[in-house]
Amino acid sequence: MGLTASELSMPSVRQASKHPEADLFLDEVAFPYGPCPAVLDASAAPSLATIDELTLALRGQLGTIYRVPIESIFTFQDARSEIERIVDRTAGPIIAFPPSATATFAHTTWTGRHSLDLSRGFGKNGQIDLELASDLPSHGVAIVDSPSDPLGNLLAATDAVRVSRACELLIIDERYAEFAGHSLLPLALEFDNIVIIRSFAAWAGHQDLRCSWAVASSRAIDRFELASSEISSSSVSAGLAALENMATVKATLSLLRDERSRLYRLLRKLSFLEPLPSWGPFLAARVTIGTREVILDELRKRGVHVHAPTQPALKPYIRFGIGTRSEMDRLRTALVDLAPRILDSCVTPP
């Protein structure tokens, strides 16, 4: 979607390092390979077709690729703004699922509205059991991201069904779904109170690509007054170009997943960090030896910047953005290099 990385999650404080090379910033959520040439060309020189024709073509391509009826797709510029617009049409309490950037967004956006938090960890701790779901307010509005930022965990279909049956509305933010290869889009067609939000910006490599879309059943579209809003010709043209060049995009997505897997395997070998499996364009790890502040400082000295989540439950965690192969090799070298320093700092002198 058309959001800056700082809007997606608050980046770490950037301090100048003494490293002779240019600093490496892995503290924001960004696609490291950039947009394919066709997306850049379409953005710079959009089609001469009318915006209605372009939008219809975009919806048609989305329907074909993601196998959803075109009448269930509506388009808009900014995913977060659209979530606000939908939620503002309801009156029930907000149900959020911390720790996540989406939960933080909900808390800061609807400050005067009653809210309820259902904390989700990773693995089994991320499941929403039937008893807990049955206690949710029937007029509640649940907002959840899948994959979540920064833990990178997915919302299970069974959990989504439980929440949707308990609440008035369930909004699932799937901006990172392409990195996961997993989606709950079929549920949006089956249930009349599920809306799934998607975006191009995160995976098409163009942060200024203000083109997002959502899927909902015809009943949900009528019930919550969902409709497309105007998008610029350049953004729609770029979105179409991304869809028409999915083979190229998928190849770069595969490269990112490979680097994410390599980083996970490395972190498992380091005794001071415990990685969590992730389905997003990042990887979170829990500090098991030493302190997060020392690790962050040592990485900064080596010209590497990573993200320190600000949520209280995530104070022992670090989130690593995924970069190119050379960038990840540099991160690997920095982590291996600082390992003796971290371990020595925890040794008590005799």
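These numbers were taken from a predicted model, which means no experiment stands behind them.
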Between atom [atom1] of [X] and atom [atom2] of [Y], what is the distance when rounded to the nearest 0.5 Å?
X: Arg175; Y: Arg80; atom1: CZ; atom2: CZ; answer: 4.0 Å
X: Leu209; Y: Ser235; atom1: CG; atom2: OG; answer: 5.0 Å
X: Glu259; Y: Ile322; atom1: CD; atom2: CD1; answer: 8.0 Å
X: Lys250; Y: Thr248; atom1: NZ; atom2: OG1; answer: 11.5 Å
X: Arg59; Y: Ser72; atom1: CZ; atom2: OG; answer: 9.0 Å
X: Phe320; Y: Leu273; atom1: CZ; atom2: CG; answer: 5.0 Å

Does one hydrophobic cluster hold both [X] and [Y], with members joined at side-chain heavy-atom distances below 4.5 Å?
X: Leu170; Y: Phe191; value: yes
X: Leu56; Y: Val215; value: no
X: Phe200; Y: Tyr66; value: yes
X: Val249; Y: Leu40; value: no
X: Trp213; Y: Ile70; value: no

Side chains of [X] and [Y]: does their closest heavy-atom pair fall under 4.5 Å?
X: Thr288; Y: Ser271; answer: no
X: Arg162; Y: Asp159; answer: yes
X: Leu24; Y: His305; answer: no
X: Tyr317; Y: Val287; answer: no
X: Ser233; Y: Glu53; answer: no
X: Glu225; Y: Arg89; answer: yes
X: Leu253; Y: Phe31; answer: yes
X: Ile289; Y: Leu343; answer: yes

Nearest atoms (heavy-atom pairs only) where [X] meets [Y]:
X: Met246; Y: Ile65; answer: CG-CD1, 4.0 Å
X: Pro69; Y: Leu189; answer: CD-CD1, 3.7 Å
X: Leu187; Y: Ala157; answer: CD1-O, 4.0 Å
X: Arg260; Y: Trp279; answer: NH1-C, 3.2 Å
X: Phe179; Y: Ala202; answer: CZ-O, 3.3 Å
X: Ser278; Y: Leu283; answer: CB-CD1, 3.7 Å

Report task. Please check if the distance between the ring centroids of Phe282 and Tyr176 is under 6.0 Å. Result -> yes

Query raised in the report: After noting the C-alpha distance and the side-chain angles of Arg198 and Ser183, does the key distance pass the side chain to side chain donor-acceptor pair (under 3.5 Å) rule?
Result: CA-CA 10 Å; Arg198 302 290 289 266; Ser183 175; 3.2 Å; yes

Report task. Under the side chain to side chain donor-acceptor pair (under 3.5 Å) rule, collect the residues that match up with Ser146, sequence neighbours excluded. Result -> none

More than 12 heavy atoms of other residues, nucleotides or ligands under 6.0 Å from [atom1] of [X]: is that the case?
X: Glu71; atom1: CD; value: yes
X: Arg268; atom1: CZ; value: no
X: Arg219; atom1: CZ; value: yes

Does any N or O in the side chain of [X] come within less than 3.5 Å of the main-chain N or O of [Y], such that one atom is a donor and the other an acceptor?
X: Asp149; Y: Ala101; answer: no
X: Glu174; Y: Ile196; answer: no
X: Arg302; Y: Glu298; answer: yes
X: Arg319; Y: Pro150; answer: no
X: Thr55; Y: Ile51; answer: yes

Query - Check against side chain to side chain contact (heavy atoms under 4.5 Å, CB included), Ile231 and Arg210 - result: CA-CA 7 Å; Ile231 308 174; Arg210 297 180 63 80; 5.6 Å; no

Query raised in the report: When Ile, Leu, Val, Met, Phe, Trp and Tyr are grouped by side-chain heavy atoms lying under 4.5 Å apart, directly or through other members, which residues fall in the same group as Ile221?
Result: Phe74, Phe76, Ile83, Ile86, Val87, Ile94, Phe105, Trp110, Val141, Ile143, Leu169, Ile171, Val195, Ile197, Phe224, Leu226

Requested in this report: Would you tell me whether Ser234 and Ser237 have side-chain atoms, one donor and one acceptor, within less than 3.5 Å of each other?
Outcome: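 No, because no side-chain N or O of Ser234 sits under 3.5 Å from a partner of the opposite role on Ser237.
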
Report task. Could you give me the CA-CA distance, side-chain angles and deciding distance for Leu240 and Leu54, then say whether side chain to side chain contact (heavy atoms under 4.5 Å, CB included) is met? Result -> CA-CA 8 Å; Leu240 274 168; Leu54 286 172; 4.0 Å; yes

Query - side chain to side chain contact (heavy atoms under 4.5 Å, CB included) partners of Pro137, counting only residues at least two apart - result: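 In terms of side chain to side chain contact (heavy atoms under 4.5 Å, CB included), with neighbours along the sequence ignored, Pro137 is linked to Pro93, Ile95, Leu116, His139.
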
Query raised in the report: After noting the C-alpha distance and the side-chain angles of Ser100 and Thr102, does the key distance pass the side chain to side chain donor-acceptor pair (under 3.5 Å) rule?
Result: CA-CA 5 Å; Ser100 73; Thr102 296; 4.8 Å; no

